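Pasting a structure below so you can have a look.
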Amino acid sequence: MAGEIKEFERKWGMVIDLDKCTGCGACVMSCQAENNVAPQDDATNKLRAHTWLFIYRLSNGKQYPEHSTVYLPRPCMQCGKPTCVEVCPVIATEKGEDGGIVSQVTPRCIGCRYCMASCPYHARYFNWFDPHWPGDLAEALSPDVSTRPRGVVEKCTFCHHRWMLAKDKAIANNEDPLAIAESEYQTSCAETCPNGAIYFGDLKNPDHKVHQLSQSPFAFRLLERLGTEPQVYYLSKREWVRRLGDNYLDDEKTGQPLRKL
Amino acid sequence: MERRGFLKFALGGVVGAVASPMIWTTLYDLAYWTQNWGWIPRLKKGDSEYIATVSKICPGGTPILVRLVGGRVIRTLGNPANDISEGGLTPLAASEGQLLYTESRIKRPLLRAPDGGYRVISWEKAEGILKEKTRAAKESCAFISGDASSSLNDLFSAFLVANGSLDYFFMPNEQNAAEKAWELMGGRGRVGYDLEKSDYVLSIGANIMESWGTVARNRKIFKNTHPTDAERTMTLVFAGAMQNNTAVVSDLWLPTLPGTEAILGMGICRELVSRGMGKSLKGIEEFTKIVQPYTLEMLKLECGILPDRFHTIIEGLLQAKRPLVLAGSSMGHGGGAAPIMAAIAANMLLGRLGQDGNMIDLPLPRKCLALAQAYRRAHANDLVDFSQKIAEGKKTAPKLLFLYEANPLYAWPKNARIQECLDAIDYKISFSGFWDETSAQCDLVLPSALGLERFDDVYTPYGSGFENWTLAKPVAEPRYQARPAGEVIIALAEELGLNLGVSDVPSLLISRAKDIGADFQEYLENGLTYRTSARYDNDWFHLPSGILREAMTSKIETGIRLLPHVVYGIGSPSTGIPPYANRIIADYQLKQNLTVAQMNTETARKLDVVHGEKVKLETDNGSIDVVIALFEGIMTGVVSVTAGLGHTEFDRYSINKGDNILNLTHVHIEAGTGLPIWSDSGVKVVKG
Amino acid sequence: MEDKNQNLENVTKKSAILGLGPFILGLTIAAIFGWHAFPELMTKELKQPVAFNHVVHIEQAGMTCEDCHYLRQDGTFSGVPTTAACAECHSSPITENQEEIRFIAEYVDKGVEIKDKWLVYQKQPDNVFFSHAAHNFETCTQCHDYLYETPQDLCNACHLDVASTTTPPVYKENRLSGYSKNTMMMPTCEACHANPEHYDGITRATNACAVCHK
Amino acid sequence: MDYSKPLDAALFPKGCERCSLTKFSMWMCVPIWHLIFGTVAALVVFGGGLGYTALDNRFGFGLWITLDLAIIALGAGAFFTGLLRYILNIEELKSVVNFTALLGFLCYTSAMVILVLDIGQPLRSWFGYWYPNSHSMLTEVIFCISCYCIVLTIEYVSLILDSDAFSGNKYIQHLAHNFHVYMPLFAGIGAFLSTFHQGSLGGMYGVLFGRPYLFREGFFVWPWTFFLYLLSAVSAGPMFSVIVITIMEKFTGRKFVSWKVKQLMGKIGGTMLVVYTIAKCLDSYVWIHDLLPRAGNTFDEMFFGFIYSEIWFWTEHITLIVAILFLVIPRIRRIPFFFYTGLLLTCYSVVLNRYLMTVQALGIPVLPFENWTYYWPNWSEWGAFAFIFGYSVLSLSLTYRYTPVFPEEPELNKK
């Protein structure tokens, strides 16, 4: 009954170079504007704040001056074997067959939050209240992503709407919609990052940057031992950062290259 | 039997109802209703366009693309076609679209009534008041500009000069201190930082990846020199008290206490001199004497540096082909000229000053209008000095003050005495996009069109490595009754019969374009950044002596040091915290309405405080309530607090979110240069 | 006790003949209400803001469908024309038609956007992404050429055939859901999207949620 | 009219005495106040959103789900007693089987009420039936609980129809009789449905492979929390019924069920408890020594501070063992103090188990760089608790007053 790891022709994935992230939050700002995430009066309670893309500050656990810090942006991992999809009672979320993006159909969602309880990455967010755009902020709503009412779960979709729009653009220009260039479909966070820390593309397409990067000896994924097979890879040349990507017993070695494509 | 008959009738009714679509369609309709609740805004479709322009709220002049749908501004994106940023976007520039619509925008001209409240008035009436007040004040007027990189400053300053006043001021910025340092050391133009060509960048105190200079460009350079899948082509070293945004990606972090940037710079100079660098430089003997006290021992004591890392850096600087030393304050301003002078001297010793990949002498901006003050003159004006003198009664307060997107009340420490200065001025007029702290004390508040609604430009912002110019153009009609301040001033000058030599803002910008050789029309259309390779040669420079020696005598804080941490995402004094930005304020920066003070375990142990404890930070200047958060990436004896919090005006996203760090710091004067310094401060941690 | 049983039997006999009466009566009333009265009650009829005459525009003005309803360069569909587009011809009245005069007075002159006011019969809710680009005539007619002889036939597969109307049909809206009665519902989408024959070859469609939902 | 009797005496079950209507009405104020408070809380949540609760994105499940799981486990007395009585024909249990059905009905309907409150879009709740995801354990739960709720409703209705108020109506008497004839069938269906959803509730947690505290695989079959939940429910269910009966006896001062039957219930529950405890301890052992280390976790990492400390984990286990001692050894079981303590300890352990699996499991940081987070329900969540408490007390009181829920009551209270 446990979900199988699904393989598709395309596999949209992300590679985040942690050695280049300054934690500035430009990606988070872009994400919100792109996806019509409603603002909140107070977002200091991070357990109630909608951050489809959340930036963690990691520590190597040592004292000053040996201490080292790294910022880790965490979008939805778009797991190959998602914890959330199997558990949804109403099929409001599914592993998309067109690139393996885990969708969230908010009009179907009944808000039981079982998917949130299942996700070890906390990538899912519940609309505790109705969204509110004070003043004229609703004027800035993008037509590409629907607004969500209270009582439903939402999450990062790898800006799936951009993929749909890119395909339509290709059709309108008599091009093959399934053979678009890497640059035609980029997530909002990836294109925004001033440091170029976020790469996005088809993990299976050798022409795409993420394909090679995901096979780097410095690549790792979060909580890989759970078997979720995330489609988001992280890169760091620092061993302690890679080790923080998963739970290890003290006597276990880490830092081995991961090749699981 | 009646009852039984009725029961049958009812049963038939139920069967009939169940068999009809009534119940089932209603169930569906109810669900559809929940999917389209009327109180939740609906999306509006339309055709998309992307217009290239430049961010006017991001001090680094980030190029942007504005997305419009059906003529409405939706959001800003990075502009991949512009090689300044190559598509990158700072968090502040990312919020520019939403800022058009916030509640804190000033919608109509407001006039303060005698009871202190504000009345909405018409633009005609507002213009009448403007005219009357300006005419009455004559030369007794002053102007504060919140936008240091705009050519509009020439317009405003010309207007001021035409009225007979030279009191033109800028909001706090590092530019003033840097230009001073540059000038003192023989620079003929403006200091430029050729980061692109450098292969070793040592940043002393300057948070170059977050808030110093042309951030989007700095970060693009970092991106290109630090490829993910290849060896880096530039080494980035950061010296500062905390693992901030720059330190986390830098290749080496050299901890140094806040306020000791100049000492570290001198220490580096001493080390370079002792290794025989700069022998042929003029004044090297004198300079050798000046740097003599800054031994490694002293650096360890005063800056808290780690000797091995210090030596690695010296070696790195010596071995690099095109090393660059630059300096700035952790706050982005208020650090004085001494650190920058020391950095310039270090570059001279390295033999790189004026060369590729180092500090270069960019041309001085020429005036667009004959009447305007010269660049150096305008940037030499010191608002702190002006304000303090007025407060002390050593100077007569002007009768009239214009503020343009400026919020000095928020942006300076209390003892800059801005409040007293404002109180002493008869009439204050604010052109502002947002309801900020200073506007809330002005007599006339005029809604200023924002950067996306007006013609404007960004002309060689501080931190640039070359002379550059980007045109900002209106992508949408000004919302509400906002008007471009430049046009209002031109109209006012006409009314008063003053000839500024310009008929409207675009023609001012055209003359700027012509002056630097850009084709206005071309850049209006493509929205790109025009750049020139103009620079002065470097034979005018000389090693600093007297002034630097004097500047180095400025007071150094002891005890627990306060380290302000400036992050762009939280907005600027003139924007407040943008609507979506509160999500990027981390829980180690703000907790509910309390500012968070970060320190390491060792400091906490010394102070006998624990994680999560509420304490007061106190200085002679004031105190703020904070909650302690432990963070090991910070030097022992240093408390870091995020700047940009603690607004009392703007909207729900800014008001009462933490405390303003400037309530703690205080201004003191740098010896020799006379520049105000306020970025460093000692602080007391008071329990209970 | 005896009497009671007797009564009970009588009743049973009677109900054998008459017993179904009340049941059928109840059933009929409820069914009529459920099938006819209730849907009526739930429906609100709305008139279009302007009595737009498609026939006149096509036959007399010689316009084509694509003059107003076209695929944009970026692949999105223009939908209903904007006031500005109408004003390209109707900046001032070109006929004596009262509706035209009113349209110009109320929309063109005042700068009111007709696109926001026009009622789209096949209006999809915000959570639906329908790609006009993907559902194009060239692709569909590779197999379904017998169904769609002209592009208009394909349009009419989902849309009302408004092109042949001189006045716009009445717009029927559900009071509760706010949906147009003529709008396409998910089963219609699934007729193709859940049909594996569309998964390869020319259409390369999928039934993934996010293909139609945003 | 006999004025020495309460006004509504005609409606009382045959041969049973009840307090005066005035006294009863006063007593009714207690549940009604709870109901009012609960209703206010529910309206706030329905009207304004779940933001009015203390739940957050980390604790998507909180008090409500804990409560849901707990009352469903405790309500398992209904199906298990029904199974023993009607299928296995243990005649003695006929004196409690009505009551366990009633208690089951209350527990399950309460659970449904909370579920409706707990989901963000109650108006879409029917999606669960109409667009079911056959892979989801929750779908199984939804279907089984609703079906079983119907079964329990039928059982409850038959109890109401048994009431003396309807003794004049032949039609209803016929109907009631028919219900009784088919009761074994209902009991069978109920047992089948319950087995599945009690298990599925455990399965719901056991399948969460992203949660180290919950995930279980291998041992029996996948996922073995399925059986743990079932076993814990069948042990605690009958015991909870006895506890509630005893509390009611204390309140009314009358006897409803003989000590012998209670002992029998305790014995049955105790026997099941032995099986459950063995399974639970094995489960914990394998979890600590196999599953956790394989995921790179240690036992210590699952606990933190006081509220998340190991104390609760050990309490859960130790109370089970103590309860077994009290309930399985006949000599100890016969002493009322130990008997009732045993029952209470079992119920406590099962409720604690549901709490730990809901709140502690979600509080544990899975990502190595995350922190522990805390959750404490607020008034609106307690409101739901008050609601079901009021609802249950109200229903129990009314049902007890007017229906022969305890067939042996007249016999046991003969003076």
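Lettering of chains follows the sequences in order, A, B, ..., and the numbering in each one begins at 1. Computed over heavy atoms, backbone and side chain alike; hydrogens, waters and symmetry mates excluded. As the structure is a computational prediction, the values presented were derived from the model and not from experiment.
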Per-residue contact mode, Arg108(A) against chain C (heavy atom under 4.5 angstrom): side chain

Phe38(C) and Phe33(C) aromatic ring geometry - parallel, tilted or perpendicular at 30°/60° bounds: tilted

Most contacts with chain C, counted as non-hydrogen pairs under 4.5 angstrom, among His161(A), His160(A), Lys167(A): His160(A)

Lys/Arg-Asp/Glu bridge criterion (N-O < 4.0 Å) met for Arg221(A), Glu229(A):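 Counted as a salt bridge, because a side-chain N and a carboxylate O are separated by less than 4.0 Å.
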
For chain A, the option from Asp74(C), Asp126(C), Asn136(C), Thr76(C) that forms the most heavy-atom pairs under 4.5 Å: Asp74(C)

Salt bridge Glu34(A)-Arg162(A), side-chain N to carboxylate O under 4.0 Å: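 Yes, Glu34(A) and Arg162(A) are salt-bridged.
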
Cationic N near anionic O, under 4.0 Å, Asp98(A) to Arg10(A): yes

Interchain contact, Asp144(A) with chain C, by part (heavy-atom threshold 4.5 Å):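 Just the backbone, heavy atoms under 4.5 Å.
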
Best-contacting candidate, Gln73(C), His213(C), Arg204(C), Arg72(C), against chain A by heavy atom pairs under 4.5 angstrom: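 Of the candidates given, the most pairs with chain A belong to Arg204(C).
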
Which atoms of Val211(C) approach chain A - backbone, side chain, both or neither, heavy atom under 4.5 Å: both

Cationic N near anionic O, under 4.0 Å, Lys204(A) to Glu9(A): no

